[in-house]
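The structure under discussion appears below in the form of C-alpha cells.
Just so we're on the same page: letters track the sequence lines, and every chain starts at 1.
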Amino acid sequence: MKQELKQTKFGKYGGQFVPEVLMPAIEELTEQYEKYKDDPVFNEELDYYLRDFAGRPSPLYFAKHLSKEYGVKIYLKREDLVHGGAHKLNNTLGQALLTKYMGKKRIIAETGAGQHGTACAMAGAAFGISTEVYMGARDTVRQRMNVYRMELMGTKVIQVKSGSQTLKDAINEAMRDWAANVETTHYMIGSVVGPHPYPMMVRDFQSVIGKEVRTQIMEKEGRFPDSIVACTGGGSNAMGIFYPFIEDDVDLFAVEAGGSGMKVTEKEALHSATLCTGEEGILHGMHTMVLQNKYGQILESSSIAAGLDYAGVGPELAYLADTGRIKPRNSMDSEALDAFHDLCRLEGIIPALESSHALAYVKKAASSGELGEIVVINISGRGDKDLETVMGMKK
Amino acid sequence: MKQELKQTKFGKYGGQFVPEVLMPAIEELTEQYEKYKDDPVFNEELDYYLRDFAGRPSPLYFAKHLSKEYGVKIYLKREDLVHGGAHKLNNTLGQALLTKYMGKKRIIAETGAGQHGTACAMAGAAFGISTEVYMGARDTVRQRMNVYRMELMGTKVIQVKSGSQTLKDAINEAMRDWAANVETTHYMIGSVVGPHPYPMMVRDFQSVIGKEVRTQIMEKEGRFPDSIVACTGGGSNAMGIFYPFIEDDVDLFAVEAGGSGMKVTEKEALHSATLCTGEEGILHGMHTMVLQNKYGQILESSSIAAGLDYAGVGPELAYLADTGRIKPRNSMDSEALDAFHDLCRLEGIIPALESSHALAYVKKAASSGELGEIVVINISGRGDKDLETVMGMKK
Amino acid sequence: MKISDKFNELKKKKEGALIAYICAGDPTPEATKEYVTALVRGGADIIELGLPFSDPTADGPTIQAGIERALNGGMTPDIYFKLIGSLKVHIPLVVMTYYNLIFKRGLEKFVKDCVSFGISGIIVPDLSAEESGELAGLCKQYDVDLIFLVAPTTTESRMKRILAEGTGFVYLVARLGVTGARKDVAASTRELVERVKTRTPKAVGFGISNGKQTSEIIRTGADGVIVGSAFVDIIASGKDVPGRLEALARELKDGIRSANK
Amino acid sequence: MKISDKFNELKKKKEGALIAYICAGDPTPEATKEYVTALVRGGADIIELGLPFSDPTADGPTIQAGIERALNGGMTPDIYFKLIGSLKVHIPLVVMTYYNLIFKRGLEKFVKDCVSFGISGIIVPDLSAEESGELAGLCKQYDVDLIFLVAPTTTESRMKRILAEGTGFVYLVARLGVTGARKDVAASTRELVERVKTRTPKAVGFGISNGKQTSEIIRTGADGVIVGSAFVDIIASGKDVPGRLEALARELKDGIRSANK
Ligand SMILES: Cc1ncc(COP(=O)(O)O)c(C=O)c1O
Ligand SMILES: Cc1ncc(COP(=O)(O)O)c(C=O)c1O
C-alpha cells in the first residue's frame, strides 16, 4: 500500500478522497490513463487533434512594446489563439480521446463561468461523444452566451438549482451523476485538481504548452528563459507550462488572484490566493492547500477573473510550493485590470483577465530583477469573454 | 497610357475612379507596394508577424462528421483560429507593415460591423502606429463591443453622424480624412475592393491562405482538391484562397449572400448577391459589378451576415466570373443559419455567419457532383460575434 | 453505547436495526435535541448525526439543503460536540462528516472528542480505504468504530480491503447514485448483501423512505437499514416535525420488524 | 452658353467668375428652379447643378445632406434633364455628378442629353484623368466641356495630363480636404494658381463662403471662384432661401469685383 500511496501523491498532497461509489471509476481511469499515456497510437491521434483541430502549436510571441514598457524581455505564449480561446481545450481533447479509448459513451463535466464547459462541448463534438455539462442556475443566467455556445455544439447544459446555484453546486451534481453512471460515463475535470489521476493527467495533457515553449525559446534565444510566469486558479495552465521545465534552471512563478485584498471573514475571502495564504486541507478529492476557516469550512473565494476564483489549488502546485520549486505570488484585481489594458494597447492582444494576473506580476516584479532578463508569460486565454466585466470597471 | 490602364485593371474591371486629391496618394501607394511586394526583407517581416502574432499557418482540418452528413469529403481552412477571429488580420498586418515601410505615421479605416476595424486596431497596436477608425454612429451602438475592443487597443473610433450613420457614411468620412491628410496617413481598405492597387494588394496579402492550403492538402491527400468554396462579400477571403489555385484544375466557388430572397426594389435589395445578380458599374473607386437601380443609384444590400452585406464586389472576382474561372453562387440567410448549426453540432466549431454561406452551398450542391470528391471550404472567421444574431432567430 | 452491543442486542431479538440520519443543527442545535428524542421514541436503534461541511459532495440535494440550514444556524464542530454531550439517549451515536473537518481539528483530537462526548462511530463519505490509514489507527487506539461504505461497483479487491479496515457496521450503498429518497428498492441490493462477506453487521442505505422498503431490505439478509433524506425532508417542511419524525421512524421500524429475521 | 464665351465676356470686363453650386432637386425640382433664378439675380456667372448620386464619396457632409434631400425628393437623371430643359437662364450650366450615373445611362446618351437640354460642361469628381479617355472623346465629339480638378497634391506629371484633357475651366481645389465651408482661405491657393500653367480659365473652389474670401482668391490670379456648401447651407435652413441665396451671391460677386483684375 505504501507504494500505491506514493503513486497517487505529490509528497503529502494529492490522493484520492472520494466516495466509495466513485473509487472503481477512479481506479479504472487511473489504469486506463497509465495504459494510454505513452501509447504511440493514442498520442499520435491526440497530436493530430491538437494540431488540426485546436490549432497548435500556439506561437511564442516576442512582445516588443510591452518589454520596453515593463523593462524586461517578454515572450507571450499565445494560448489565446487555441480553438475556443484558451488552453482549456488541450485538456478536454486529451480526456475526450481517452473516453473514446476507454469505450465510454458519455462525458459529463461541471462548469462555472462556462470556459471548461465550452472546451468540453468542443471536444465532445469533435469526437462525437454525447456531452452533458452541469452548471449552477445562477451561472447559466450570468453566462448566457456560454450556455448558448455549448448548446449549439450539441452539449446538454443541466441547470443546477440546489444550494447557491453556482459552481459548487454544479460540482456536487456532476459527482452525483458520475456516481450513478460510472460504467458509461467519463467525468471531465477542467484543471489539475480532484482525486488522482486527474491532477497528473491534466498536467500531462497541458504539458504540450511547455514542451512547445522549450523548442520555441531555443529557436528564438538559443537558451531557456530565466523565468516563466503563469496565472493559477486550479493550476492547469501553470503546470502545463511549468512541468517541462521542472528539472531546468528556470524560475517558475505561480500568480494567484489577490482579489480586492487579503481580508478574510468566517465565510469569505476577498481573494483566491490559495498557495499564498491557504492552509492544508482536503477538498474535491485531494489533499492540498485550501482557503478555509478555523473549523475547516471552505471559504467563498473571490476574483475579478472567474477562472481563478477557486478556494483550492492543484496538489502538485502545493507540493512544488512547499519544496520551493515554484514561487507563489499574487496580483490584485486592480493590478490585473491595469495589465489587461497595457497588453491591449501596447500589443493589440486582448488577454483573459486570468492571464492578466500573470502580466501584472511581471509589471511589478520586473524592476526587482527577480525575473531575470527573459520572461515567458503564459497568456492562457483571450479576453473577449471579459469585455463586459472590464467595461463595468473604472480604469 | 494603355499599358498603365492594363496594370490597374482585371480585363475591364478595376481601375482608379477617385477624386484627384487622392490620386497622388494612390499613385504613391501603388509605387510603394510594387517596390515592397517582392522585397525579401519586407516579406520576412510580414511572415514573422503572420506566424508569431497572427498564429499562422491556420490548420486545414478534415471535417469527418460534416463530410459524412453532407456526402463529400470536406476540409475546413481554419481562418477562425487567426488572431482576432477572422482572415481580416492577414490583410491589415500587411498594410500596416507597408505603412511603416512608407514612413507614414497614421492609419485610418472605416468599419461597418467592426471586424475590419478590430483587425486594423490589432495591426496598428502591433506596429505601434496611431490608428483611427470611422464608424457610423448607429453601428457604434449596434456593435458596442467591437468599438470597445478597438478602443482598448488604443484605436480612436470616430462616430460618423452624417447620413444614415452607417458604413456608407463612414466610408465617405474616411475618404475625406484621407483627402485632407494624404501625406501622413495610410487608408486601410478591408477587402479586395476600392481603386487599384487595393484589390491586387489585399488579394496578395490574403493569398497566404491559399498558399498554405496548397501545401496542406498535398500533405493530406497527395493532390489538389476538386473544388474550393468561399463566401464572398468584398471577396478578400475568396481571392485569398482562390488565387494561388488560379492556374490549377480546381473549381472555385464564390458564394454570395442570398439574403431573404432575390427581390429588389428601387432602393433596396433583399440580398447581397452582386456577382450573381448585379450589373456593371462604378463604385468606391472601381469598375465592378454592383447592385444598382436603373439609374445607377446604389441599392442597400441585405444579409444576415454583416460582412457580406455589400452592394459591390472586388473587380477581380467580377473579371473571373466573366471569364468563367470562378463560379458565383449564393446561399440564403436561412440556409446559412442551417449550416451554421450543422458545423457547431457536428464538429464543435462555431463558424462566422459569413463562412456559413460557403458551408450552406456545399450542403446543397454536394449531391449534384458539381463539387467533385474533395472540397476545401474557407472558414473565414469564427462565429462568436454572431451569437446574438443567431439567438434572435428561430432555427 | 457501542455499536456492536446494539447489534448484538438486536440479534438476540432477531430484529434488524433502524439507523436514522439527521444533520446536527438543522435548523438549530435545540431542534436537533428534540428531533433525536423523537427518533428514539419512534424506534431508531442508532443515530447518525451529520456534522455539517460547507462542500458536501457526497450528499444529495435534500441533505445538502439540511447542511446549509445547519451552517446558517451557526453549527460548528465545537458546538456539535457540546450538543452531543448534552443528548440524553441510550443508543449508539455516529458522526457523519467530511474529512476536512476532521483533518482541520486534528485527527487525534477529533477521535478523542468523539470518545469524550459519547460518539461510538465515525463515517467519512469522502475518505476512501486508501487514505484512511491514519484515522483507522487512531480509531483502533481509542476504540471508536470507523465505518466504511461499499457500493455495487466496489471491486472484489477493494471489498477485501474495506472489510478489513472497517468496524461497527458496513454501510452498503443500495444503488448507484448519492443520497436522496427514491420510490423503490433496487434488486441489486440482495446481490450486494450476498457479495459482502463479513461478520460485521451490514446496513443498507440510500434511497429508503418507507416501511415496505425497510421490510424488503431486511429480507435480503441485511442487518439494518439507514434512512436519511426521508427524515431531512420532514425537517425541511418545518411542519409538526417531531411528531412526523417519530411516526416515520415507527413505520420504518415496523417494516423491519415485519421482516423478522 | 459656352463656358469659354462666359469667361471671355468676363475677361473683357476684367472680372472674375462666380460659379455657384447647388444640388438639383434639393429639396424639390420646383425649388431648384427658383433657387437658380435667385443665384443668377445675385450675380452668378456659371451654375453647377449637382445630379445626386446615392454614394457621394467626394462630397462633404453639407452637400451630402443636400444630395440626400434631393434623392428623397424623387430626383432622377430623367427628371434632372427635364428640369435643366425648363430653366430659363442665359448663363452656362454645368452638371456635377458621379461616374456611375453617367456609365449607367450610357456615356454617349449622357453627353447627348447634356447637349440637348443645354448643359455646357461636365464635372465628375470620381473620374480621374486616367479613366476619362472615353468620356473625354465623346465630350470633344459633341462639344461639351469636361472639367477636371487639380489639387495642391497633384504632381507635375499628373498636372500635365489633366491640363491636356480638361476644357472649360480647371477646378482648383483650394486646400486638402473635401467640400465644406471653411473660415479662411489657405495661402496655398496662390501657390497652386501659379503652378497651374494653362490658358484654360482657373476657378478655385472648396471652402469659400464670403466676399472677403472671393476677393482674396481673385487677387491670387484665379479667374473664378466656386462656392457650393455655403449655398447648400442656406437651402438646408429652409428659411427665406431665395432671398438669402441672392444676397450671398451678390456679396460673393461684389468681393470678386472688388478685386478687379
Ligand atoms: C483563460 C483562463 N486562464 C486560466 C484559467 C484558470 O485555470 P487554471 O489555473 O487551471 O489554468 C481559466 C479557467 O477557466 C481560464 O479560462
Ligand atoms: C468572417 C468574415 N468572413 C467574410 C467576410 C467578408 O469579407 P470578404 O468577402 O472580403 O472576405 C467578413 C467581413 O467582415 C468576415 O468578417
Sort by residue number and list every residue of residues 64-86 of chain C having at least one heavy atom under 4.5 Å from chain A.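 Listed by number, the contacting residues are C:Gln64, C:Glu68, C:Leu71, C:Asn72, C:Thr76, C:Pro77, C:Asp78.
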
Name, in order of residue number, those residues of residues 106-120 of chain C that have a heavy atom at a distance of less than 4.5 Å from a heavy atom in chain A; otherwise write 'none'.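 Residues qualifying by a heavy atom under 4.5 Å from chain A are absent, so none.
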
Give the C-alpha distance, both sets of side-chain angles, the deciding distance and a yes or no for side-chain contact (heavy atoms from CB on, under 4.5 Å) between C:Val173 and A:Glu20. CA-CA 9 Å; C:Val173 179; A:Glu20 177 55 28; over 6 Å; no

Taking all heavy atoms of C:Ala151 and all of A:Val21, pick out the closest pair and write down the distance.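 Smallest heavy-atom distance, with atoms named: CB-CG1, 3.4 Å.
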
Looking at every heavy atom in both C:Thr153 and A:Glu183, which two are closest together, and how far apart are they? CG2-OE2, 4.0 Å

Rounded to the nearest 0.5 Å, how far apart are [atom1] of [X] and [atom2] of [Y]?
X        : Y        : atom1 : atom2 : answer
C:Asn100 : A:Leu283 : CG    : CG    : 7.0 Å
A:Ile282 : C:Phe53  : CD1   : CZ    : 9.0 Å
C:Ser128 : A:Ile26  : OG    : CD1   : 9.0 Å
A:His284 : C:Asp126 : NE2   : CG    : 10.0 Å

Is it true that C:Glu131 and A:Lys9 have a side-chain N and a carboxylate O under 4.0 angstrom from each other?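 Looking at C:Glu131 and A:Lys9, the cut-off is met.
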
Tell me, side chain or backbone of [X] under 4.5 Å from chain A's heavy atoms, or both, or neither?
X        : result
C:Phe103 : side chain
C:Pro56  : both
C:Ile102 : neither

More than 12 non-hydrogen atoms from neighbouring residues, nucleotides or ligands closer than 6.0 Å to CD on C:Gln141, yes or no?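 Result for CD/C:Gln141: enclosed.
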
Within a 6.0 Å radius of atom OH on A:Tyr295, are there more than 12 heavy atoms belonging to other residues, nucleotides or ligands?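 Check passes, neighbour count above 12.
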
With a 4.5 angstrom heavy-atom cut-off, which part of A:Glu279 approaches chain C: side chain, backbone, both or neither? side chain

Interface moiety of A:Lys267 toward chain C, non-hydrogen atoms closer than 4.5 Å: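 Only the side chain of A:Lys267 comes within 4.5 Å of chain C.
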
Any donor-acceptor pair under 3.5 Å linking the side chain of A:Ser162 with the backbone of C:Pro61? no

Residue, of C:Leu127, C:Thr154, C:Thr155, C:Val124, that accumulates the most heavy atom pairs under 4.5 Å with chain A: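 Ranked by heavy-atom pairs under 4.5 Å with chain A, first place is C:Thr154.
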
Look at the rings of A:Phe17 and C:Tyr99 and say which category their plane angle falls in: under 30° parallel, 30 to 60° tilted, over 60° perpendicular.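 Plane angle under 30°, so parallel.
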
Please report the C-alpha distance between C:Thr57 and A:Lys168 in whole Å, then the side-chain angles of each, then the deciding distance to 0.1 Å, and finally whether the side-chain contact (heavy atoms from CB on, under 4.5 Å) criterion is met. CA-CA 9 Å; C:Thr57 47; A:Lys168 178 170 167 162; over 6 Å; no

Take C:Glu130 and A:Glu27 through the test side-chain contact (heavy atoms from CB on, under 4.5 Å) and record every step on the way to the result. CA-CA 11 Å; C:Glu130 280 77 358; A:Glu27 284 190 330; 3.7 Å; yes

